[in-house]
Visitor: 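Sending over a structure as structure tokens; questions will come in a sec.
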Amino acid sequence: MQLLDGKATARSIKEEIAEDVKKMKADGVREPHLVAVLVGHDGGSESYVAYKIKDCEEVGFKSSLIRYEDDVTEEELLKCVNDLNNDDTVDGFIVQLPLPKHISEEKITLAIDPKKDVDGFHPQNVGQMAMGLPAFVSATPQGIMELIKRYKIETSGKHVVVLGRSNIVGRPMSILLSLKGEPGNATVTVCHSRTQNLKEICQQADILIAALGSPGFVKADMVKQGAVVIDVGTTRVPSDKTRSGFKLTGDVVFDEVSPKCSFITPVPGGVGPMTRASLLINTLQAAKTRM
């Protein structure tokens, strides 16, 4: 069993991006600029945005944070999005989700210029990704693809089982791995809450991607010997072993499953760091397109 070390891989990616930024500056080109829009004070969102700002500093990007309170109107937020779309000093921006219930996440997503949509959520980017055309791919699926690529995991002709059909992870993951390319050319099965014989389907997987958000869902008897297991789940559960009283838990029972695997991601330290690195990859690409 070998760990798919997302933390170390993300560090390598950041070093590569930092070198690119140095070259840009040496050529007299300004550094990439990423803007994060944060509404309210959700703890998870606060932490995630803080990490993104820190990542930008590490690679030499300019980063900006625009804050709104929970009572911001949809009209005000749409105006902010429009202003960022038209700001030539901004290469890419994200509107951190979730948003308050009185704001339509769909309206906000559709309002973002696809050329600055470094989260990869706009339908134009999703559609181009599905067709195998150049596009910003949402961060978690792109991070997983990069991890697979850098660890030279064979996907061609393999049976991939994706647990979960969300628009952010499960669905794009299934598309990317079935497209022509490397990694790609896999036969993909997408499973969800209505799937029958789920255990038997999982047992057939050469590569199992768990993206359910259900702690400890995947157990040893669901995984075949030698499988690659990628755990996307990150759920905070109570723990008496940590100072905070919580710990991050994946969808996979790691201690049970890992002895059967050829490769497996840990939680934390697997997919999470790759998701953050992917946002940097997309922002750099947006800046290069601008150049």
Side-chain angles (χ1 to χ4, degrees), residues 9-10 12-37 48-49 51-66 78-97 108-150 167-168 172-173 175-176 179-184 273-291:
T9 307
S12 296
I13 291 170
K14 286 199 267 189
E15 288 170 358
E16 293 164 13
I17 291 173
E19 284 302 312
D20 270 2
V21 173
K22 282 180 186 174
K23 288 174 186 172
M24 289 170 70
K25 289 181 176 178
D27 291 339
V29 179
R30 69 163 175 80
E31 71 274 24
H33 182 193
L34 173 68
V35 176
V37 180
Y48 195 47
V49 168
Y51 277 129
K52 288 171 180 174
I53 291 170
K54 181 173 177 286
D55 289 338
C56 286
E57 289 172 359
E58 287 181 12
V59 300
F61 287 6
K62 179 181 178 182
S63 67
S64 302
L65 174 60
I66 299 173
L78 284 168
K79 182 182 182 305
C80 173
V81 168
N82 186 58
D83 289 345
L84 291 170
N85 285 340
N86 292 301
D87 188 341
D88 291 337
T89 70
V90 174
D91 294 302
F93 67 94
I94 61 156
V95 179
Q96 184 65 35
L97 304 179
I108 299 301
T109 300
L110 286 171
I112 296 171
D113 183 344
K115 295 190 295 294
K116 295 189 178 186
D117 169 41
V118 289
D119 254 341
F121 293 161
H122 193 283
Q124 182 173 316
N125 279 317
V126 175
Q128 289 183 196
M129 177 270 295
M131 295 175 68
L133 299 172
F136 291 128
V137 177
S138 55
T140 298
Q142 177 164 268
I144 294 169
M145 293 294 282
E146 194 68 27
L147 204 54
I148 289 171
K149 180 180 175 182
R150 290 185 181 234
N167 290 330
I168 294 174
M173 225 37 261
I175 293 168
L176 289 166
L179 289 170
K180 290 181 180 179
E182 192 59 49
M274 295 301 297
T275 298
R276 287 165 49 194
S278 293
L279 187 67
L280 299 175
I281 292 171
N282 282 349
T283 304
L284 179 64
Q285 185 55 49
K288 287 183 174 179
T289 301
R290 174 250 306 168
M291 290 161 57

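Owing to the predicted nature of the structure, the values given are computational and were not obtained by experimental measurement. What's counted below: heavy atoms across the whole structure, side chains too, no hydrogens, waters or symmetry copies.
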Visitor: Does the side chain of Pro141 reach to within under 4.5 Å of the side chain of Met129, using non-hydrogen atoms?
Guide: no
Visitor: Test side-chain contact (heavy atoms from CB on, under 4.5 Å) on Leu279 and Asp119; report intermediate values, then the result.
Guide: CA-CA 7 Å; Leu279 187 67; Asp119 254 341; 4.0 Å; yes
Visitor: Out of curiosity, Cys80 SG to Leu84 CG, how far, rounded to the nearest 0.5 Å?
Guide: 4.5 Å
Visitor: Would Glu16 and Lys22 satisfy salt bridge (Lys or Arg N to Asp or Glu O under 4.0 Å), going step by step from the backbone distance to the final call?
Guide: CA-CA 10 Å; Glu16 293 164 13; Lys22 282 180 186 174; over 6 Å; no
Visitor: Hey, does Glu31 have a side-chain heavy atom less than 4.5 Å from the side chain of Met24?
Guide: no
Visitor: Hey, is OH on Tyr51 packed in by over 12 heavy atoms from elsewhere, all under 6.0 Å?
Guide: no
Visitor: Using a 4.5 Å cut-off on heavy atoms from C-beta on, say whether the side chain of Ser63 contacts that of Val35.
Guide: no
Visitor: Start with the C-alpha distance between Glu146 and Ser278, add both sets of side-chain angles, then the distance that settles side-chain contact (heavy atoms from CB on, under 4.5 Å), and finish with yes or no.
Guide: CA-CA 9 Å; Glu146 194 68 27; Ser278 293; 5.6 Å; no
Visitor: CG/Leu284 to CD1/Ile13 distance, rounded to the nearest 0.5 angstrom?
Guide: 11.5 Å
Visitor: Measuring from Lys149:NZ to Thr9:OG1, what's the distance to the nearest 0.5 Å?
Guide: 13.0 Å
Visitor: Using 0.5 Å steps for rounding, measure from the OG1 atom of Thr275 to the CD1 atom of Ile168.
Guide: 10.5 Å
Visitor: Do you know which two heavy atoms are closest between Ile281 and Ile17, and how far apart they sit?
Guide: N-CD1, 3.9 Å
Visitor: Just verifying a value: how many Å separate Leu176 CG and Gln142 CD, rounded to the nearest 0.5 Å?
Guide: 8.5 Å
Visitor: Could you walk me through whether Phe136 and Lys116 pass the side-chain contact (heavy atoms from CB on, under 4.5 Å) test, one step at a time?
Guide: CA-CA 9 Å; Phe136 291 128; Lys116 295 189 178 186; over 6 Å; no
Visitor: Is Lys23 paired with Asp27 through a side-chain N to carboxylate O contact shorter than 4.0 Å?
Guide: no
Visitor: Inspect the contact between Asp91 and Lys62 and indicate whether a charged nitrogen and a carboxylate oxygen are less than 4.0 angstrom apart.
Guide: no
Visitor: Could you tell me which non-hydrogen atom of Ile175 sits nearest to which non-hydrogen atom of Ala130, and how far apart they are?
Guide: CG2-CA, 3.6 Å
Visitor: Please find the pair of heavy atoms, one from Pro134 and one from Gln128, that lie closest to each other, and give the distance.
Guide: O-NE2, 2.6 Å
Visitor: Using the side-chain contact (heavy atoms from CB on, under 4.5 Å) rule, take Cys56 and Leu280 through it: C-alpha gap first, then chi angles, then the decisive distance, then the call.
Guide: CA-CA 7 Å; Cys56 286; Leu280 299 175; 4.2 Å; yes
Visitor: Kindly determine whether Arg290 and Asp88 satisfy salt bridge (Lys or Arg N to Asp or Glu O under 4.0 Å), including the steps that lead there.
Guide: CA-CA 9 Å; Arg290 174 250 306 168; Asp88 291 337; over 6 Å; no
Visitor: Any donor-acceptor pair under 3.5 Å linking the side-chain atoms of His122 with those of Thr109?
Guide: no
Visitor: Measure the spacing between CG of Asp20 and CD of Gln285 and express it to the nearest 0.5 Å.
Guide: 10.0 Å
Visitor: Check whether any side-chain heavy atom of Glu15 sits under 4.5 Å from a side-chain heavy atom of Glu19, and report yes or no.
Guide: no
Visitor: Do you know which two heavy atoms are closest between Ser138 and Pro172, and how far apart they sit?
Guide: OG-CG, 4.1 Å
Visitor: Find out whether Leu34 and Val118 are in side-chain contact, i.e. whether some heavy atom of one side chain is under 4.5 Å from a heavy atom of the other.
Guide: yes
Visitor: Hey, does Asp117 have a side-chain heavy atom less than 4.5 Å from the side chain of Asp113?
Guide: no
Visitor: Which atom pair, heavy atoms only, marks the closest approach of Pro32 to Val21?
Guide: CD-CG2, 4.1 Å
Visitor: Please report the shortest heavy-atom distance between Pro114 and Asn125, naming the atom on each side.
Guide: O-ND2, 3.1 Å
Visitor: Under 4.5 Å between any side-chain heavy atoms of Met173 and Met145, yes or no?
Guide: yes
Visitor: May I ask you to test the Ile112-Phe93 pair for a side-chain heavy-atom distance under 4.5 Å?
Guide: yes
